[in-house]
*Asks:* 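Quick one: the structure is below, questions incoming.
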Amino acid sequence: MENSGDGQQQQQQDLAERAYLVQVNGYDSLATPKDLNLPRPLSISDFAPAPMHGSTLRVAYQGVPGAYSEAAACKAYPECEPVPCEQFEAAFQAVELWLADRAVLPVENSLGGSIHRNYDLLLRHRLHIVGEVQLPVHHCLLAMPGVSKADLRRVISHPQALAQCEHTLTRLGLSVAREAVDDTAGAAQFIAENNLRDTAAIASNRAAEIYGMNILANGIQDDAGNVTRFVMLAREPIIPRVDRPFKTSIVFAKEEATGSLFKVLSAFAFRDINLTKIESRPQRKKPLRIVDDNNSGKSQYFEYLFYIDFEASMADKRAQNALAELQEFTSFLRVLGSYPMDVTPLVGSPPL
C-alpha cells in the first residue's frame, strides 16, 4: 500500500511541473489545457473519407428545392443534405472546393437528348464519375391558387421541359407564350414569389407543394417514357469491380488519319464490349483543322472530341486491353469514371 506522505510528495511534484509548463507558455495561473479556449488538435479521424451514403453527405445539384435534380440527388444518396446551386458550374466547384461531397448532374434525357453543357464541364473539371441514376420525369402544369387555364397568358419552364410538353399544351387548348428559364422549380418559385396570376410553370409535384401552387394538369409530358440520366461526381474515383454491372465513360480525340474512328470503335467490337453512348463535341481550344486539297486549296473541318460510355469495368481485362489499343489511334484519352450501372426498374416509379 502506497504511503500517504509519498502521495502528497508526488502531488506537489506534479503541481510544480504544471506551474513550470504554465510559466513557460506565458500563463499566470495553473490552468490546464481543458480550461483554456483552445482549438482541438486534428486527429486521423478528421481526414477519413466521407461515407458513400448517409445523412453526412452534402450533395450539390443545379436548381432550387423541388427541382428534378434534387430528386435525383436524394435517389442517389438517400438521407443526404441536398445543396442547391445556381449553375452547373457552381455544382462542380462546390465539390472541388470541399463545400459539398458529391454532385449529381443530368447528362441526357430520353426526349431532349444530351445536356451538352455538362459534357463540356466534365472535361474542364477534374471530378470523377462514381455512379449514375435514372429518374422518370413527371411534368405538371402549376399555377397560383384560384388561377384557371383560361387566365393563362404564358407558360415558363426549362427549355427542355417546354419542348417535352409542347404537344400536350396544344391539346389542352392553351394558346400561350412559352418562355424559357433556368430550371423547372425555379419557374414555380418565380411565379409564387411575384404572385403572377397569368403565368403557369411546368415543374414537379414537389415544386407545387413547396411553393404553394395548384396543379392544373398532371403528367403533361408528350411521352410517358420520359427519363433523365444523371451522373454522380466526386473528387476521388471509386475502385472498379467485376462482381456487378459496371459502366465506364471516356473522352478522346482521334488521330488525323483515315479510318481512325473506325479503328477506335473496332477495339470495343472485337472484345464484345457494348457501347451505350457516343457523343461528339467540337474542341474548344482547336475548333478547326485546315487540310490541304490539291483541287480547291485549303478546306476547314471541325475538330471533335468523342465521349463514349461502354458496359465494362476498368477492372475487366477486356476494357484495359481496349483502352491500350485506343491509345494507338488517339491523340488524347481520359477516363472520366468507371462506376456501377443503374439497373433499378423504371416501370412503376412514383411520379415526382
*Asks:* With sequence neighbours excluded, tell me which residues meet side chain to side chain contact (heavy atoms under 4.5 Å, CB included) with Leu123.
*Replies:* Val251, Leu305, Tyr307, Phe332, Arg334

*Asks:* Just jot down the ring-ring contact (aromatic ring centres under 6.0 Å, His included) partners of His125, sequence neighbours excluded, or say none.
*Replies:* Phe92

*Asks:* Output all residues satisfying ring-ring contact (aromatic ring centres under 6.0 Å, His included) with Phe246, sequence neighbours left out; order by chain, then residue number.
*Replies:* none

*Asks:* Show me, pair by pair, the donor-acceptor contacts under 3.5 angstrom made by side chains of residues 265-276, not counting sequence neighbours?
*Replies:*
from: Ser266; atom 1: OG; to: Phe262; atom 2: O; distance (Å): 2.7
from: Arg271; atom 1: NH1; to: Ala267; atom 2: O; distance (Å): 2.8
from: Arg271; atom 1: NH1; to: Glu325; atom 2: OE1; distance (Å): 2.9
from: Arg271; atom 1: NH2; to: Glu325; atom 2: OE1; distance (Å): 3.0
from: Asn274; atom 1: ND2; to: Glu311; atom 2: OE1; distance (Å): 3.3
from: Thr276; atom 1: OG1; to: Asp309; atom 2: O; distance (Å): 3.3

*Asks:* Checking His167 now: which residues fulfil side chain to side chain donor-acceptor pair (under 3.5 Å) with it, not counting sequence neighbours?
*Replies:* none

*Asks:* Holding to side chain to side chain contact (heavy atoms under 4.5 Å, CB included), I want the full list of residues that pass it with Asn214, two or more places apart in sequence or in another chain.
*Replies:* Pro145

*Asks:* Can you list everything that forms a side chain to side chain donor-acceptor pair (under 3.5 Å) with Gln221? Sequence neighbours excluded, please.
*Replies:* none

*Asks:* Side-chain heavy atoms under 4.5 Å apart, restricted to Ile/Leu/Val/Met/Phe/Trp/Tyr: what other residues fall into the cluster of Tyr61, or is it alone?
*Replies:* none

*Asks:* Kindly write out the residues that satisfy side chain to side chain contact (heavy atoms under 4.5 Å, CB included) with Val176, not counting sequence neighbours, or none if the list is empty.
*Replies:* Leu152, Val155, Leu174, Arg178

*Asks:* Could you tell me which residues satisfy side chain to side chain contact (heavy atoms under 4.5 Å, CB included) with Asp183, sequence neighbours excluded, listed by chain and number?
*Replies:* Gln62, Val64, Ala185

*Asks:* Taking side chain to side chain donor-acceptor pair (under 3.5 Å) as the definition, give me every residue that meets it alongside Asn226, ordered by chain and number, with sequence neighbours left out.
*Replies:* Asn109, Gln164

*Asks:* List in chain and number order the residues that pass salt bridge (charged side-chain N to carboxylate O under 4.0 Å, His left out) with Asp182, two or more places apart in sequence or in another chain; answer none if no residue qualifies.
*Replies:* none

